[in-house]
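Values in this document were obtained by computation on a predicted structure and should not be read as measured data. This chain uses plain numbering: 1 for the first residue, then up along the sequence.
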Amino acid sequence: MSDDDRLARVALTWLTEPGTRSVHRLVEQLGAGGALELLLDGGAPEERLRAAVAARGRDGDARAVAADALARAARLGARLVTPTDGEWPATVEHLRRLALPGATRRVDVETAPPLCFWVRGGWPLGDALDRAVSVVGARAATPYGVHVATELGYGLADRDWTVVSGGAFGIDAAAHRGALNAGGLTVAVLACGIDRPYPMGNAALFDRIGEAGLLVSEWPPGAEPLRPRFLVRNRVIAAATRGTVLVEASARSGATQTLNRALAAGRHAMVVPGPVTSAMSVGAHELLREHPSARLVTGVAHVLEEVGRIGADLAPPARAPQRPRDLLDDEATQVLESMPRRGATGVDRLAARAGVDVRTALRKLSLLEELGLVRRRADGYALATGAAPASGT
């Protein structure tokens, strides 16, 4: 891609917000330079787009703004990544087909693939996102949610999966920190310029991510974190990864929109359940109720079973620790249940209570003694200490 085309992609992203479908179509038809010329000459195919371009054009010259952004990124040690670069993540191209049911708002309709990314960090972007899972959730996270997100971030990174999130307070930050603490790779996808990551309270975290992972944005350096941009950004988090895990979300949480975009993009959608008494569980639980394809997960093993290799990354079935009682057959169980809670009893009486013959009672008593559940005494058999039956007599 020529320098002119790269400059044009930056200018188009400044003139029109990322994700605008008509602009993406123009770039495919005319190239980035041709699309930019058409828009600057007032030839946008839609009235709303013409008005937006005219309004933004009054604030500066698009090419000059783009050149300044490229120079500013170079000073930051950041780079521009475009679709013809080797590190471009091919997965985001799936956004061509993303359609949200019942969408009317601009942020839900304009979900086209990015024209370019600004990247800070040493990892190739495509490689970083090749084995990636996004972990998102509430900013006002509870201690439970922070604990779960940290464990997920650590566990996924420890198994060489990239952890992707949005860098926000709460669940996002916990997932990033978990991955960093495991010495793994994490990617923060921002809704503003990479030189002014938001929230500023996470500035130290963003510095760590920039050094050990990647900071990524569609907006040029200096761009402000405007509210609609977070939903625009969320489509990238959803499409660029193999699956999205939602950890805590209120009824109106933006994190639920990320999971909706993951569902629409055909990605694995996973939800961590929470306490039914918590307001931070309402949105997550409603998603599980409304979308049969969303899977309930409780830890890293469940997540890997969803996004990993078919038949290979299976979560072990949940089992309680095995106890000596688990080795008993029906007759041995009946003999044990017939033992008195206190004192000893003879074999004849025990056989009668258990409803088995004496020979069977002796064989089962021998097994129970070997397992440490009963002990032989001079006056008969008694329960061993701590071996009281579930329903004593």
Side-chain angles (χ1 to χ4, degrees), residues 9-20 52 55-56 59-60 65-66 68-70 72-73 75-81 92 95 105-108 110-112 114-121 125 134-141 149 163-177 186-210 213-241 244 249-250 252-261:
R9 285 177 178 270
V10 177
L12 286 168
T13 303
W14 178 77
L15 272 176
T16 63
E17 287 293 301
T20 304
R56 185 59 62 87
D59 197 36
V65 171
D68 180 67
L70 287 166
R72 190 169 178 174
R75 292 193 297 271
L76 293 169
R79 63 189 181 278
L80 183 73
V81 177
V92 299
L95 289 169
R105 297 184 305 169
R106 183 186 185 282
V107 292
D108 295 327
E110 305 292 9
T111 54
L115 296 178
C116 58
F117 283 119
W118 302 89
V119 181
R120 175 185 159 198
L125 180 59
S134 53
V135 180
V136 299
R139 286 173 294 186
V163 176
V164 178
S165 198
F169 289 134
I171 299 302
D172 289 16
H176 288 309
R177 290 192 177 99
T186 189
V187 176
V189 183
L190 308 177
C192 54
I194 53 175
D195 58 338
R196 53 180 303 173
Y198 177 87
M200 285 305 296
N202 280 343
L205 174 62
F206 290 127
D207 287 341
R208 288 182 66 193
I209 296 173
L214 292 175
L215 296 174
V216 179
S217 178
E218 293 179 79
W219 288 270
E224 299 178 19
L226 304 180
R227 185 180 294 274
R229 290 176 173 173
F230 290 92
L231 288 178
V232 173
R233 176 276 311 271
N234 287 351
R235 84 194 194 289
V236 172
I237 293 178
T241 57
T244 296
S250 64
R252 296 176 58 84
S253 172
T256 62
Q257 301 305 314
T258 305
L259 205 73
N260 282 324
R261 283 155 172 74

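- Remark: Glu17 engages Arg229 in a salt bridge, criterion side-chain N to carboxylate O under 4.0 Å.
- Atom CZ of Arg139 and atom OG of Ser253 lie 7.5 Å apart (nearest 0.5 Å).
- Rounding to the nearest 0.5 angstrom, the gap separating the CD atom in Gln257 from the CG atom in Asp108 is 6.0 Å.
- Considering Thr13, Leu80, Leu125 as possible partners of Phe117, the one that fulfils the side chain to side chain contact (heavy atoms under 4.5 Å, CB included) test is Leu125.
- Atom CZ of residue Arg79 and atom CG of residue Leu70 lie 14.0 Å apart, to the nearest 0.5 angstrom.
- Between Arg9 and Pro114, the closest side-chain pair of non-hydrogen atoms is not below 4.5 Å.
- Residues Arg235 and Leu95 meet the side-chain proximity criterion, which asks for heavy atoms closer than 4.5 Å.
- Scanning all heavy atoms of the two residues, the minimum distance from Pro197 to Cys192 falls at CA-SG, 4.0 Å.
- Between the side chain of Thr256 and the main chain of Arg252, no donor-acceptor pair closer than 3.5 Å is present.
- In this structure, the side chains of Val107 and Arg227 stay at 4.5 Å or more apart for every pair of heavy atoms.
- Here the closest non-hydrogen pair linking Asn234 and Gly254 is ND2-O, 3.6 Å.
- Thr20 and Arg106 are linked by a side-chain donor-acceptor pair at a separation below 3.5 angstrom, with hydrogens and angles left out of the test.
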Val10 vs Trp118, test: side chain to side chain contact (heavy atoms under 4.5 Å, CB included). Steps then yes/no.
CA-CA 10 Å; Val10 177; Trp118 302 89; 3.5 Å; yes

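- When all heavy atoms are compared, the tightest approach of Ile171 to Ala141 is CD1-CB, 3.7 Å.
- In terms of modelled atom types and a separation under 3.5 Å, the side chain of Arg233 and the main chain of Val189 share a donor-acceptor contact.
- Expressed to the nearest 0.5 Å, how far CD1 of Ile209 lies from CG of Leu190 amounts to 8.0 Å.
- Proximity of Glu110 to Val232: side-chain heavy atoms (C-beta onward) are nowhere separated by under 4.5 Å.
- When all heavy atoms of Gly167 and His176 are compared, the closest pair comes out as N-NE2, 3.2 Å.
- Between the Ser134 side chain and the Ala238 main chain, no donor and acceptor come within less than 3.5 Å of each other.
- Remark: Arg261 CZ to Leu231 CG distance equals 5.5 Å, nearest 0.5 Å.
- Here the straight-line distance linking atom CG of Asp195 with atom CZ of Phe206 works out to 12.5 Å at 0.5 Å rounding.
- Counting non-hydrogen atoms of neighbouring residues, nucleotides and ligands closer than 6.0 angstrom, the OH atom of Tyr198 reaches no more than 12 such neighbours.
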For a side chain to side chain contact (heavy atoms under 4.5 Å, CB included) check, start with the C-alpha distance between Asp172 and Val136, then their side-chain angles and the critical distance, and finish with the verdict.
CA-CA 5 Å; Asp172 289 16; Val136 299; 4.3 Å; yes

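- Heavy-atom minimum distance, Ala149 versus Ala174: CB-CB, 3.8 Å.
- Taking both residues in full, the closest heavy atoms of Ile237 and Thr244 are given as O-OG1, 4.4 Å, listed atom of the first, atom of the second, then distance.
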